[in-house]
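By convention in this document, chain letters (A, B, ...) are assigned in the order of the sequence lines, proteins followed by strands, and residues within each chain are numbered from 1. Because the structure is a prediction, the values reported are computed rather than measured.
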2 protein chains.
Amino acid sequence: MKLTEAKKQFISSWGAFGTHWGINKTMAQIHALLMISPDPVTQDDIMDELSISRGNVNMNIRDLINWGLVDRVIIPGERKEFFTAEKDIWKVATQIIKERKKRELDPMLKLLDQLEDVDGDKKDKNVKQFVDTVSGIRKFGGQADKMLQVMVKADENWFVGSLLKFFK
Amino acid sequence: MKLTEAKKQFISSWGAFGTHWGINKTMAQIHALLMISPDPVTQDDIMDELSISRGNVNMNIRDLINWGLVDRVIIPGERKEFFTAEKDIWKVATQIIKERKKRELDPMLKLLDQLEDVDGDKKDKNVKQFVDTVSGIRKFGGQADKMLQVMVKADENWFVGSLLKFFK
DNA sequence: ATTAATTTTCAAAAAGTTTTGAAAATTCAA
DNA sequence: TTGAATTTTCAAAACTTTTTGAAAATTAAT
């Protein structure tokens, strides 16, 4: 397969993959394009490659920067701004995990904490099931939270690597 | 907080949480309702509790069954069908992981495999960056894949439990 | 077999999300 | 400063997804 075709396929499926996980398709596509671009690119480059509007590029680049996945790059002598993405996939993954944990997991765990001390008689089976379910999720979430913290802190892949050898 | 209010909050935030992960809000809400319901419920119960249409309940229940998260229950002497959800959160999580792996991760890894043997000179920096990025993602995905398989196979939580004690 | 209860389907409507593009704001070179 | 290049904003349009609800299909009791 030719590079042009392979790039197209990669960008398109990274976009589709993203949408399955609640990520805007264009945002994922821009991310894909930047990850396979050896050098920093401009907003116009992205507009051309993906055939999308300037506003769309601008907003999604902003989001990618907020997610910590893309950086603005100043190239001396160039008028335009350039953009580049982290290419080490381990770093990309830990960054995404860190952000999603902060944005979604942490607030959910906080809420579950509050919901757990609902009023009412624990002998009422409705109250009992509610408390059991909520506390089960909270405990599980707390464990996941700790595990993710460990993964995110580990600079290298040795942890998962050794784990997998052990269990292969 | 009263149970009625706590239930409302739980259902509503489980729905919102779901949408952030590409899950239909109503599907997540029905799942939430079933997880906190001590006894099996009917489609009409769900319509009333969530104020949604019969069609909506029916389609989303079907999806939940396909995801392996909800079961149809026949109650002797009852005309209507009843539904119930798995309440052990560890089982719920492994089931979700299993399905998402099958639906999303596996096909993506298959595609990356193909894309990796793109034509062209590896000394061309565009080809090189493409191959490096794709193979990096493929390797990482393969590792994640193996790790998830291990988690899903473990019937009990001893694995993660002991891991966390080790790292606490 | 008939019929009433229940479930399923799916086209159309509603709701939600994303994208566009032109105007406003900003930046930088002369 | 001035003005051309570039970036940002955001209301409206396009697109996508979800929901409704009534008709069709199915089920089970008589």
Review item, side-chain donor-acceptor pairs of residues 127-138 of chain A, under 3.5 Å, at least two apart:
| unit_1 | atom_1 | unit_2 | atom_2 | d |
| --- | --- | --- | --- | --- |
| A:Lys128 | NZ | A:Asp132 | OD2 | 2.8 |
| A:Gln129 | NE2 | A:Thr133 | OG1 | 2.8 |
| A:Thr133 | OG1 | A:Gln129 | O | 3.0 |
| A:Thr133 | OG1 | B:Met35 | O | 2.8 |
| A:Ser135 | OG | A:Val131 | O | 3.4 |
| A:Ser135 | OG | A:Asp132 | O | 3.4 |
| A:Arg138 | NE | A:Glu116 | OE1 | 2.3 |
| A:Arg138 | NH2 | A:Glu116 | OE1 | 3.2 |

Check your understanding: Just by distance, do the side chain of B:Asn58 and the backbone of B:Arg54 share a donor-acceptor pair under 3.5 Å?
Key -> no
Check your understanding: Do B:Glu78 side-chain atoms and B:Lys80 backbone N/O form a donor-acceptor pair below 3.5 Å?
Key -> no
Heavy-atom closest contact ([X] atom, [Y] atom, distance):
X        : Y        : result
B:Leu105 : B:Gly141 : CD2-O, 4.3 Å
A:Ala93  : B:Phe140 : CB-CZ, 3.4 Å
B:Ile96  : B:Trp67  : O-CZ3, 4.0 Å
B:Leu34  : B:Ile61  : CD1-CD1, 4.3 Å

Whole-Å distance separating the [atom1] atom of [X] from the [atom2] atom of [N]:
X       : N      : atom1 : atom2 : result
A:Ile52 : D:dA14 : CD1   : P     : 18 Å
B:Asp45 : C:dT6  : CG    : P     : 12 Å
A:Gln43 : C:dT20 : CD    : P     : 13 Å

Point to revise | Modelled atom types, side-chain donor and acceptor of B:Asp45 and B:Thr42, under 3.5 Å | key: yes
Exercise for review: Just need the stems in DNA chain D: three or more back-to-back Watson-Crick or G-U pairs, each with both distances under 3.5 angstrom, sorted by first number.
Suggested key: C:1-30 with D:1-30
Review point. Is the phosphate of C:dT6, meaning OP1 or OP2, less than 4.0 Å from a side-chain N or O of B:Arg72?
Key: no
Review point. Does any residue of residues 21-30 of chain B have a heavy atom under 4.0 Å from DNA chain D, and if so, which ones, in number order?
Key: B:Asn24, B:Thr26
Review point. Where along residues 53-65 of chain A does a heavy atom fall under 4.0 Å from DNA chain D?
Key: A:Arg54, A:Gly55, A:Asn58, A:Met59, A:Arg62
Point to revise | Contact pattern, 5' to 3', of nucleotides 24-30 of chain C - B, S or - by protein heavy atom under 4.0 Å | key: ---BB--
Review point. Tell me, do B:Gln29 and B:Trp14 make a side-chain contact under 4.5 Å, heavy atoms counted?
Key: no
Practice item. Evaluate the side-chain proximity of A:His31 to A:Asn60: yes if any heavy-atom separation is below 4.5 Å, no if none is. Key: no
Check your understanding: Would the number of heavy atoms belonging to other residues, nucleotides or ligands and lying under 6.0 Å from NZ of A:Lys87 be above 12?
Key -> yes
Donor-acceptor contacts under 3.5 Å from residues 15-28 of chain B side chains, at least two apart:
| unit_1 | atom_1 | unit_2 | atom_2 | d |
| --- | --- | --- | --- | --- |
| B:Thr19 | OG1 | B:Ala16 | O | 2.6 |
| B:His20 | ND1 | B:Ala16 | O | 3.4 |
| B:Trp21 | NE1 | A:Glu104 | OE1 | 3.0 |
| B:Asn24 | OD1 | B:Thr26 | N | 2.7 |
| B:Asn24 | OD1 | B:Met27 | N | 3.1 |

Practice item. Run the salt-bridge test on A:Glu5 and A:Lys2 with the 4.0 Å N-O cut-off and return the result as yes or no. Key: no
